[in-house]
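What follows is a short report on a single structure.
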Amino acid sequence: MIWIIAAFCAFFIKGLCGFANTLVFDTILGFGVNNVNISPVELVLGYPTNVILTYKNRKYIDKNIVIPLIIVVILGSLPGAFVLRYVNANIVKMIFGVMVTLVGIDMLYREYNSSTGNSHKVFNITMGILAGAMCGMFGVGVLVAAFVSRITRTSSEFKANLSMVFIAENTFRVISYIALGVMTFDSIKQAVILAPVMLISLFLGMKCGDVLNEKLVKKLVIIFLIISGVSMVVDNIGIF
């Protein structure tokens, strides 16, 4: 039952906002299930949701956003092995969590103060590289979501480009999980059992996103970004 609740909540949010499914899924299951058993199931469930969201919003895909981000996400996987081996990954995640929280607060401020100027191009480039590295190293896409949200105007553009990047990242992780033996028959079977719940909740979230006001949806996205950032900090603060 807890797996069903986690899948429903996670992919309803995915359909509504375009991301945060991993955060919700892992948070609900994290109290009683080992993470090595959660991640493969969430990956198998999440992969088709990114395909569905990309297809639904395909006319909003911008190659100038997607291609550079895919490149930095894949390249980010390369230093990931070094960081995970020689650097405390919790420290890195906590730093990124602080960054996401601050970026989310800044974005929320801009929503209520339309006179605020645009971000500097150098800042956007730097943030894009860091976002890709974070996603590639740890499979954490929240900073990518923050970056894409800053450079897109509507929720359709946001979901289309973010989901396309996630497809590339998911593909890379599926191959890695299979090669490392993390992806097992049991995890695939569990994902297949939960697939109907995922599809129902995803489409309910998508329908709610279509009905709700565009500005309200964007504010919800920003709020979930802030929650995601705070959650990353809280989850890793125990190292001190």
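These numbers come from a predicted model, not from an experiment.
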query = Got a second to check how far N213's CG is from K219's NZ, nearest 0.5 Å?
reply = 8.0 Å

ask   = Can you find a heavy atom in the side chain of K159 that is under 4.5 Å from one in the side chain of T152?
value = no

inquiry  = Can you tell me how far apart CG (N21) and OG (S201) are? Round to the nearest 0.5 Å.
reply    = 9.5 Å

task = Check G18 against L53 and note the closest heavy-atom contact, atom names and distance.
result = CA-CD1, 4.2 Å

CD1-CD distance between I167 and E169, expressed to the nearest 0.5 angstrom = 11.5 Å

query = Between F8 and F203, is there a shared hydrophobic cluster once you connect ILVMFWY residues whose side-chain heavy atoms come closer than 4.5 Å?
reply = yes

query = Are L43 and I193 in one and the same hydrophobic cluster, where Ile, Leu, Val, Met, Phe, Trp and Tyr link if side-chain heavy atoms are under 4.5 Å apart?
reply = no

Worked verdict on V197 versus L45 for side chain to side chain contact (heavy atoms under 4.5 Å, CB included) = CA-CA 10 Å; V197 179; L45 286 173; over 6 Å; no

inquiry  = Taking R153's backbone N and O only, do any of them form a donor-acceptor pair with E157's side chain (distance below 3.5 Å, no angle check)?
reply    = yes

ask   = Do the non-hydrogen side-chain atoms of F12 and L202 ever get within less than 4.5 Å of each other?
value = no

request  = Group every Ile, Leu, Val, Met, Phe, Trp and Tyr by side-chain heavy-atom contacts under 4.5 Å, then state whether I61 and V72 land in the same group.
outcome  = yes

remark   = On a heavy-atom basis, the closest approach of I28 and C9 is CD1-CB, 4.0 Å

inquiry  = Does F166 form a side chain to side chain contact (heavy atoms under 4.5 Å, CB included) with V73? I'd like the steps, not just the answer.
reply    = CA-CA 9 Å; F166 281 163; V73 164; over 6 Å; no

query = Are side-chain heavy atoms of I200 and F11 found at a separation under 4.5 Å?
reply = no

query = Between I70, D62, L69, which is the residue that forms a side chain to side chain contact (heavy atoms under 4.5 Å, CB included) with V66?
reply = I70

task = Report the distance from atom OG of S39 to atom CZ of F25, rounding to the nearest 0.5 Å.
result = 9.5 Å

message = side chain to side chain contact (heavy atoms under 4.5 Å, CB included) for Y60 and F158? Distances and angles first, verdict last.
response = CA-CA 8 Å; Y60 298 104; F158 172 76; over 6 Å; no

note = With sequence neighbours left out, the residues meeting side chain to side chain donor-acceptor pair (under 3.5 Å) with T54 are none

request  = Determine whether I4 and L29 fall in the same hydrophobic cluster, where Ile, Leu, Val, Met, Phe, Trp and Tyr are linked whenever their side-chain heavy atoms lie under 4.5 Å apart.
outcome  = yes

key: Side chain proximity check, K56 to D210, heavy atoms < 4.5 angstrom   = yes

query = Are I105 and L108 connected in a single hydrophobic cluster, I mean Ile/Leu/Val/Met/Phe/Trp/Tyr linked by side-chain heavy atoms less than 4.5 Å apart?
reply = yes

query = Sub-3.5 Å donor-acceptor pair from the side chain of R173 to the main-chain atoms of N170, do we have one?
reply = no

query = Judged by atom type as modelled, is there a donor-acceptor pair below 3.5 Å linking the side chain of S187 to the main-chain atoms of M183?
reply = no

key: Short side-chain to backbone donor-acceptor contact, S163 and A160, under 3.5 Å   = no

remark   = Looking only at heavy atoms, the pair that brings T101 and I226 closest together is OG1-O, 4.0 Å

key: Within-4.5 Å side-chain heavy-atom neighbours: V165 and V148   = no

inquiry  = Check whether S231 reaches the backbone of I227 with its side chain - one donor and one acceptor, N or O, closer than 3.5 Å.
reply    = no

note = The reported gap from CD1 in I65 to CG in N161 (rounded to nearest 0.5 angstrom) is 4.5 Å

inquiry  = Looking at S176 and F172, would you say the former's side chain and the latter's main chain have a donor-acceptor pair under 3.5 Å?
reply    = yes

query = Between atom CE of M198 and atom OH of Y47, what is the distance when rounded to the nearest 0.5 Å?
reply = 13.0 Å

inquiry  = Using side-chain heavy atoms (C-beta onward) and a distance below 4.5 Å, is F19 in contact with I13?
reply    = no

ask   = Quick one: does K63's side chain have a donor or acceptor within less than 3.5 Å of a partner on P68's backbone?
value = no

ask   = What's the verdict on side chain to side chain contact (heavy atoms under 4.5 Å, CB included) for T49 and L199, showing C-alpha distance, side-chain angles and the deciding distance?
value = CA-CA 8 Å; T49 66; L199 289 171; over 6 Å; no

note = Between I74 and A168 the two heavy atoms that sit nearest each other are CD1-O, 4.3 Å

